[in-house]
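This chain uses plain numbering: 1 for the first residue, then up along the sequence. No hydrogens, no waters, no symmetry mates; every other heavy atom, side chains included, goes into these values.
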Amino acid sequence: MTAPSSPSPTSPTSSSDSSGGAPSNGEPVRGGAAPTPEAVGPGSPSAGVAGASATRHGSDVVIVGGGPGGYEAALVARQLGASVTLVERAGLGGSAVLTDVVPSKTLIATAEWRAFVENAEELGIHVGELRHAALNVDLGEVNTRVLALARQQSRDIRGKLERDGIRIVDGVGHLADASTVVATTPDGEEHLPADVILLATGASPRVLPTAVPDGERILTWTQVYNLDALPERLIVVGSGVTGAEFAGAFGALGCEVVLVSSRDQVLPGYDSDAAALIEEVFRRRNITIVARARAESAVRQGDEVVVTLSDGRTVTGSHCLLAVGGVPNTAELGLAEAGVATSHSGHVLVDRVSRTTVRGIYAAGDVTGVMPLASVAATQGRIAMWHALGDAVSPLDVRKVPSTIFTEPEIASVGISEAEAPERDARVVTIPLARNPRAKMLGITEGFVKLICRNNSGTVLGGVIVSPRASELIHSITIAIANRRTVDQIASAMTIYPSLSGTIAEAARQLHSPVPEPDEE
């Protein structure tokens, strides 16, 4: 699972209707019958979710996949009194912990520290002849730490599950039918009967037939941690979230980077102002952006990799990182045998309470294609168990999901975009972060806060923050959207002076609409 990565073609839009799975007032509902096939699909409205009995203690729950969707679901199911078995093939935490989110964000955090030191002279801190080339990076040492942290996180998750009484089966699971999972382990096969089944098998990097990774020079994002030295010249194919994050990280580590983008701008589909700022930062850091160029192939030639573009041009580097999306891990999962429907892209169709087309079978995470975020996977897993076991549950509302692109600076967003504002009768304000006193103290010269609210009521509908630690700052806007708060309510809540969050309050104040003067008679 990449976090964050480009939304799947089957992902729900942020402007989707909130009706269908919950009452219009957003109150929780209780689980009920499985939906009809017509009612399901990534992010589609739920049907008939009311009228279940109280929480079903003693139910047998079997979960296939131990990533965020799987292990969070397991914890909820145990809390509700179910007997839980979790089948995981590679290690607890799944790809999110072992090969994706945790490793990539640790690598990015390392790159950030190098960038901080590199810019120290701007704050009056001088360390001899400190310059870009003097900040040597031992990538082997970096990757050793990255993978050690990932393994430790996996062990911590396993320990938590075991302490809570969750049975863990180390093996590969598939559906035998709608109520049985077969776990294949080194000791043979085990049939696991279940009242409730959750599929949380995640996704894997998409591989092009003309650019097959070899794990040495042509790499997927799960293989970059095998490198023991910085690439001399890294070609990153794909300018979505994953590509932008790795291009920025390796650029900050001192590597020459070429980013191949098939679009006019990096981060297609995201806030255009934020994408333009990141492009400017990339170019200043000597990251070459090859725009409007689709990679047709990547071929290793000795110690070099030659990437051929659709227009006939070639780009040569020492290594190539493929960041061209993911494919759901559904092969040999037994979906057809159990009657579980999939989309044209191969993702498991689910509704907003994580139900598939088969009663008693749920799915969560990247295998559903709803939103490829670890936080969404975890939420889908929890929702599935709350619903399946009869507890109160609010269906997933993607408009309230915050996401972050871990470039430098970070880009965080939630709610509707500025492009959607006109059709939603909304107004927008953008404030440069360079005006913020705390930003000046920290030497932050780039970034902004963008806030979107409805014209008449002032209800907060969306926001974008481009800043160091934007992933932390976006939370206040997320709370406002989730609770239908107004810009005046944000503005009336005091902020620390000086703080970066002060710019959020300033944006809210600028969106205040004075009460109109009464007409004179």
Side-chain angles (χ1 to χ4, degrees), residues 1-5 61-79 84-110 139-173 181 183-187 192 198-205 215 219-228 242 245-246 249 326 328-329 333 363-367 372-382 384-385 406 471:
M1 175 189 305
T2 59
S5 62
V61 174
V62 178
I63 297 169
V64 182
Y71 72 74
E72 288 291 347
L75 293 170
V76 168
R78 276 300 293 150
Q79 184 183 49
V84 183
T85 301
L86 188 152
V87 183
E88 168 55 40
R89 63 180 178 178
L92 271 297
S95 61
V97 169
L98 293 169
T99 61
D100 191 354
V101 182
V102 170
S104 66
K105 276 43 178 183
T106 306
L107 178 70
I108 290 167
T110 303
L139 191 61
E141 186 176 338
V142 169
N143 281 337
T144 297
R145 175 177 179 268
V146 164
L147 295 177
L149 286 173
R151 289 191 294 268
Q152 182 59 56
Q153 180 68 9
S154 179
R155 288 193 294 268
D156 289 346
I157 294 169
R158 188 183 190 99
K160 169 63 176 172
L161 296 179
E162 290 176 339
R163 288 192 299 272
D164 280 19
I166 295 163
R167 183 186 175 215
I168 300 170
V169 176
D170 296 311
V172 178
V181 170
T184 304
T185 72
D187 298 324
L192 303 169
L198 176 72
L199 306 175
T201 51
S204 299
L219 310 161
T220 69
W221 66 74
T222 67
Q223 298 170 327
V224 295
Y225 312 107
N226 299 330
L227 298 176
D228 55 11
T242 303
E245 287 185 345
F246 276 109
N329 294 327
L333 194 53
D366 284 8
V367 74
L373 300 170
S375 55
V376 171
T379 300
Q380 284 182 295
R382 297 186 198 106
M385 292 302 105
F406 288 88
S471 52

TODO: For residues Thr85 and Val169, determine if any side-chain heavy atom of one lies less than 4.5 Å from a side-chain heavy atom of the other.
DONE: yes

Task: Nearest non-hydrogen partners of Ala73 and Gly381, listed with the distance - done: CB-O, 3.4 Å

Task: Close side-chain approach of Thr110 to Glu141, heavy-atom, < 4.5 Å - done: no

TODO: Determine the minimum heavy-atom distance between Gly365 and Gln380, stating which atoms define it.
DONE: N-OE1, 2.8 Å

Task: 4.5 Å side-chain heavy-atom contact, Thr222 and Ser95 - done: no

Task: Chi angles and distances behind the side-chain contact (heavy atoms from CB on, under 4.5 Å) call for Arg158, Asp170 - done: CA-CA 11 Å; Arg158 188 183 190 99; Asp170 296 311; 3.0 Å; yes

- [ ] Could you tell me whether the side chain of Leu219 reaches within less than 4.5 Å of the side chain of Asn226, counting heavy atoms only?
- [x] no

Open item on the list: Quick check: do Glu245 and Lys105 have side-chain heavy atoms less than 4.5 Å from each other?
Closed with: yes

Open item on the list: So Asn329 and Arg89, do their side chains get closer than 4.5 Å, heavy atoms only?
Closed with: yes

Open item on the list: Within a 6.0 Å radius of atom CZ on Arg155, are there more than 12 heavy atoms belonging to other residues, nucleotides or ligands?
Closed with: yes

Open item on the list: Looking at every heavy atom in both Pro103 and Ala96, which two are closest together, and how far apart are they?
Closed with: CD-O, 4.1 Å

Open item on the list: If you define the side chain from C-beta out and look only at heavy atoms, does anything of Val87 sit under 4.5 Å from Leu192?
Closed with: yes

Task: Any donor-acceptor pair under 3.5 Å from Asp164 side chain to Leu75 backbone - done: no

Task: Separation of Asp156 CG from Arg151 CZ (nearest 0.5 Å) - done: 13.0 Å

Open item on the list: I need the minimum non-hydrogen distance between Ala77 and Met385, along with the two atoms involved.
Closed with: CB-SD, 3.8 Å

TODO: Please check if the side chain of Tyr225 supplies one atom and the backbone of Ser104 the other of a donor-acceptor pair under 3.5 Å.
DONE: yes

- [ ] Go through the steps for Asn143 and Leu227 under the test side-chain contact (heavy atoms from CB on, under 4.5 Å), then give the verdict.
- [x] CA-CA 8 Å; Asn143 281 337; Leu227 298 176; 4.2 Å; yes

Task: Rounded distance (nearest 0.5 Å) linking atom CD of Gln79 with atom CZ of Arg382 - done: 10.5 Å

TODO: Specify the closest pair of heavy atoms between Phe246 and Leu107, including all atoms of both residues, with the distance to one decimal.
DONE: CE2-CD2, 3.9 Å

Task: Donor-acceptor contact below 3.5 Å, side chain Gln153 vs main chain Ala150 - done: no

Task: Residue that, paired with Ile168, satisfies side-chain contact (heavy atoms from CB on, under 4.5 Å) out of Ile63, Leu92, Val84 - done: Leu92

Open item on the list: Restricting to non-hydrogen atoms, name the atom on Leu373 and the atom on Asp366 that form the minimum distance, rounded to 0.1 Å.
Closed with: N-OD1, 4.1 Å

Open item on the list: Return the CG to CZ distance between Leu86 and Arg167, rounded to the nearest 0.5 Å.
Closed with: 11.0 Å

Task: Spacing of OH belonging to Tyr71 relative to CD1 belonging to Ile157, to within rounding of 0.5 Å - done: 4.0 Å

